[in-house]
Undergrad: 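To start, I am sharing the structure in question, which I have written as structure tokens.
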Amino acid sequence: MDQDPILANLNEAQHEAVVAPLSGQYQILAGPGTGKTKTLTSRVAYLMNTVPAKDILVMTFTNAAAREMRSRIKQLIPNNNEVSKLNVGTFHGECFKYLVRYGSRIGLSGKITIADPTDQAAIMKEIVNSAETTVKLEEFGYSSKLGKCYSNPTTKMNINLDPKHCIKKISEFKSHGYTEVQDFAKVCPNEFNSPIGMYIYRKYQDELEENGLVDFDDIIIKTRDLLKQCPDIVSNIQAVLVDEFQDSSTVQLELTVLFAKATGNITIVGDPDQSIYAFRNAQPENMRLLQKMFPNSKVIYLEENYRSTQPILDIAVGLIRRDRNRIGGDRLLKSQDSQNTTKKSLPVLAQFKSEKDEAAYVATQIKYLRDCSGTLFKYQDMAILARTGYASKKCELELAFNGIPYRVLGGFKFWDRAEVKLVVDYFRVVNSDNDRVAISSTINAPKRGFGPVTLTKLLTRVDDKTSIFTQLKQYAYDEEFREEHGLKIRKDALEGLDNYIKLIEGCRDILKEADALGPATCIRNILDHILEKTNLVKILAANDANNEEKRLENIELIRSQIDLVYQNDEMNDDGGAAEEDLNPLQTLLLSLSLGGDGEDSAYSNDRVTISTMHSAKGLEWPIVFSINTIDDHVARGGDKGEEEERRLLFVSLTRAKLLLYVSFATTLVKFGNEEEASMTRLLTGLEHHFKTCDKGKGTTNISWDMFVSYANFLRRPVPDRKQIQFASSATTVPSKSASFSGFTLASSVIERPQNKKRKPHIPSAPISRSLSIPTNNRTSLLNTSKQTRATGFRTPLMPSKPTPTLNSPNTLPHSHPIPPKRKTLGTRRGPINQKLPFT
DNA sequence: TGCCCTTAAATTTTT
DNA sequence: TTTAAGGGCA
Ligand SMILES: Nc1ncnc2c1ncn2[C@@H]1O[C@H](COP(=O)(O)OP(=O)(O)OP(=O)(O)O)[C@@H](O)[C@H]1O
């Protein structure tokens with residue numbers, strides 16, 4: 001056994017990859033749970049022995065994966081504070097740092113803002129609806145129209161001018177690294193490879209540039225251009241390491257090579273079976289292409305699975321075998337587990353008659369597994385995975401209702417809520433004179449008396465020299481200018497314009513004090529200024545009074561989120577782009593566009609994870625619940641895209657180490673109508689690998705011997721037998737009915753008011769799907785505290801048979817985590833970006 | 001300009 | 001079921 005902790009616990013192949021010489025190219029190809037990320041992070045730690053941290057670049061494709069990687073490296077070498085100097089992040093994050101610092105070399109002006117999908121849609125909508133486009137359509141012979149599709153009868157070319165569709169096509173084009181319009185022949189020969197398509201593309205790019213915006217694809221493309229032109233800026237990079245390489249796009253492959261230009265030292269790991277980002281133009285073939293580009297690159301295969309029990313892997317293998325586009329031959333997954341008990345313990349397949357029952361079951365099971373396992377299972381050992389963000393909402397409500405603490409990965413972001421986004425748009429206007437998109441979404445919110453005619457006039461550039469904000473000032477304060485450009489404006493609207501400009505300039509004055517105030521205080525002051533001058537607090541308070549949704553609370557949460565951003569910023573001085581090159585406002589905006597939602601470490605880490613399947617990639621838990629496993633969620637849209645959906649399910653199931661629960665409901669409510677549903681076809685024929693939870697079989701009872709095996713498998717201490725509550729008396733008595741009515745205990749035990757209009761009174765922060773900060777502190781603060789664990793507590797959601805609790809005296813200072821106003825569970829919440837009261 | 005009415009559409013996943 | 005969007009009218 002190796003003395004070096006970095007090299008301990010590696011098998012032969014892993015060891016070989018970790019200690020491989022710095023120079024050269026290495027590909028680690030292996031299935032889930034074989035230690036790819038472990039190998040990559042160990043290699044980083046190992047290389048740090050000889051290479052300065054700042055000269056190592058480690059990239060992956062999602063924020064969650066980047067966070068995981070950083071934390072694993074830290075764990076490997078906890079006392080090495082060089083770690084914070086490593087360049088670890090997402091492709092987009094690392095690229096943007098270079099653009100901020102060196103963008104001027106390729107003509108990017110100082111202030112770059114990232115165009116989010118809303119901005120992209122706004123810009124594209126304006127383009128397709130413009131008079132100019134109508135003229136062009138005519139000019140290029142697109143004389144017939146069907147919905148948003150235009151066709152040219154002569155050339156037989158069609159083009160779909162739906163903004164979303166246009167953006168998708170352009171994004172695909174850019175993902176190949178193309179910038180010249182004739183390259184549309186290669187990606188979209190029958191639609192955008194036409195004068196009208198090229199015109200739309202050019203117009204879109206011009207519009208971005210004029211607004212000082214780059215979209216996500218531009219971040220990659222422009223960095224590629226920058227590195228091609230000025231390879232000197234990455235001359236220090238001695239090693240480039242990329243995780244989940246199957247998720248890379250064509251231009252990202254090109255970029256990987258460019259980053260390594262100085263030495264050519266590249267290590268990548270990947271698994272084509274886990275390719276789940278083709279929808280955003282990932283090319284799993286890149287693994288092979290890289291090998292072609294570097295014929296001498298060494299490929300290392302890892303065979304052993306260290307994560308999961310064999311029954312879990314059997315299902316995964318059975319599933320992935322059916323991938324019709326599979327790259328490479330069939331691969332086995334071999335568990336390293338040698339215990340007879342866990343080897344034979346099958347995952348659970350559970351069927352319910354409603355999604356509500358399903359959610360209640362998951363919550364009950366989570367509580368049971370934690371409360372009855374002594375100290376073996378904690379909340380943080382469990383995850384609920386769903387295809388979409390909103391699909392897990394019912395479970396989220398059920399957890400909150402039961403006082404189970406949780407965190408949410410993926411799905412809607414806090415910053416995407418309408419009221420929060422508005423504030424952010426104000427920040428953007430303060431930051432830049434040219435951000436017309438942000439000006440347009442703030443200038444009349446709240447209402448300042450402009451109608452569509454005035455707005456168009458105000459926001460249309462009179463010439464390309466004057467910035468849009470300067471132009472607004474001229475309209476406001478220069479009567480001659482108004483006359484010259486034919487702006488007729490009412491007196492109240494003119495006042496509104498004056499107020500708007502004063503508000504923005506007031507914020508800019510505060511920003512000038514940034515050095516004296518410190519970043520967080522400065523931004524909070526700007527926030528206060530915006531809130532005061534827009535009267536937003538009063539407006540929202542009035543609105544909240546008639547509404548379940550408490551928007552004002554979200555505004556308050558912005559403050560604590562701001563603090564989080566600057567705290568995290570201080571912790572990483574990787575490449576140090578942030579402090580030196582950006583003012584505090586820009587740091588904030590950058591972190592909002594490229595970072596995930598902040599996690600507040602002040603709160604307990606012992607929380608259940610609720611995640612989208614995508615965000616779960618690269619992570620693992622002892623216990624995983626795959627919910628809503630029906631075609632409608634998990635394999636929607638027939639054959640097209642089925643392979644990727646299958647791989648996605650493969651990824652989800654292989655997140656589980658020990659216990660896997662796959663569940664679904666036989667009905668689903670769609671637009672108010674109840675529809676029938678059944679288990680996804682992706683799993684058809686694999687049922688025998690599960691114990692099914694109906695017809696009295698498949699109980700979830702756990703015996704003492706099993707607990708011992710679980711502990712051994714997880715390499716955890718065997719819990720005190722006295723603390724274990726045996727399932728036989730404690731829980732989940734399987735019902736005789738096939739539809740599991742035995743588990744509708746939530747509805748039989750908890751009194752659910754009939755009034756359907758009332759929504760559950762749940763802390764709004766957790767529901768915001770992003771914030772870990774509870775606003776309704778009664779629930780979450782309480783349950784995340786250590787005390788709760790020590791004393792335990794009982795919630796009304798318990799099995800129909802009374803549960804003898806050994807360690808919960810049931811006499812708590814706060815014995816009832818449920819807010820007194822109890823309301824119907826399972827009601828759908830409105831979308832998060834709901835219209836604001838004044839728009 | 002802004003309000004009220006009718007009708008259509010809507011639910012991925014991430015940077 | 002709920003929300004966005006488009007048309008008519010004061
Ligand atoms: N040689 C080993 N000995 C013991 N445990 C190991 C070994 N290699 C990896 N593991 C453990 O196996 C689990 C899976 O490792 P890791 O997350 O690195 O796999 P992966 O190949 O990246 O998986 P995925 O592709 O699913 O993200 C981790 O808990 C890791 O600590």
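To find a chain, count down the sequence lines: A is the first, B the second, and so on, and within it residues start at 1.
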Undergrad: Please list, chain by chain and in numerical order, all residues satisfying salt bridge (Lys or Arg N to Asp or Glu O under 4.0 Å) with A/Arg646, sequence neighbours excluded.
TA: A/Glu642, A/Glu643
Undergrad: Mind checking what makes side chain to side chain contact (heavy atoms under 4.5 Å, CB included) contact with A/Ala66, not counting sequence neighbours?
TA: A/Thr60, A/Thr90
Undergrad: Partners of A/Glu620 by salt bridge (Lys or Arg N to Asp or Glu O under 4.0 Å), sequence neighbours excluded?
TA: A/Arg307, A/Lys657
Undergrad: Would you mind classifying the nucleic acid contact of A/Lys125 as base, sugar-phosphate or nothing, using non-hydrogen atoms under 4.0 angstrom?
TA: sugar-phosphate
Undergrad: Please list each protein N or O that sits under 3.5 Å from an N or O in nucleotides 2-8 of chain B, with the distance.
TA:
unit_1, atom_1, unit_2, atom_2, d
B/dG2, OP2, A/Phe450, O, 3.2

Undergrad: With sequence neighbours excluded, what pairs up with A/Asn431 under the side chain to side chain contact (heavy atoms under 4.5 Å, CB included) test?
TA: A/Lys111, A/Thr113, A/Asn583, A/Leu585, A/Gln586, A/Leu589
Undergrad: Return the set of residues passing salt bridge (Lys or Arg N to Asp or Glu O under 4.0 Å) with A/Glu495 (not counting sequence neighbours), or none when no residue passes.
TA: none
Undergrad: Is the shortest side-chain N to carboxylate O distance from A/Asp162 to A/Lys164 below 4.0 Å?
TA: no
Undergrad: Identify all pairs in which a protein N or O lies below 3.5 Å from an N or O of nucleotides 12-14 of chain B, and state each distance.
TA:
unit_1, atom_1, unit_2, atom_2, d
B/dT12, O2, A/Arg387, NH1, 3.0
B/dT12, O2, A/Arg387, NH2, 2.2
B/dT13, OP1, A/Gly389, N, 2.7
B/dT13, O4', A/Arg387, NH1, 3.2
B/dT13, O2, A/Arg387, NH2, 2.8
B/dT14, OP1, A/Thr612, OG1, 3.1
B/dT14, OP1, A/Ser615, OG, 3.0
B/dT14, O2, A/Arg280, NH1, 3.4

Undergrad: State which residues pass side chain to side chain contact (heavy atoms under 4.5 Å, CB included) with A/Gln274; sequence neighbours excluded, sorted by chain then number.
TA: A/Pro32, A/Lys36, A/Gln246, A/Asp271, A/Lys617, A/Phe650, A/Val651, A/Arg655
Undergrad: Tell me, please, which residues at least two apart from A/Thr134 pass side chain to side chain contact (heavy atoms under 4.5 Å, CB included).
TA: none
Undergrad: Is the aromatic ring of A/Phe671 within stacking range of C/dT1, meaning centres under 5.5 angstrom and planes under 30 degrees?
TA: no
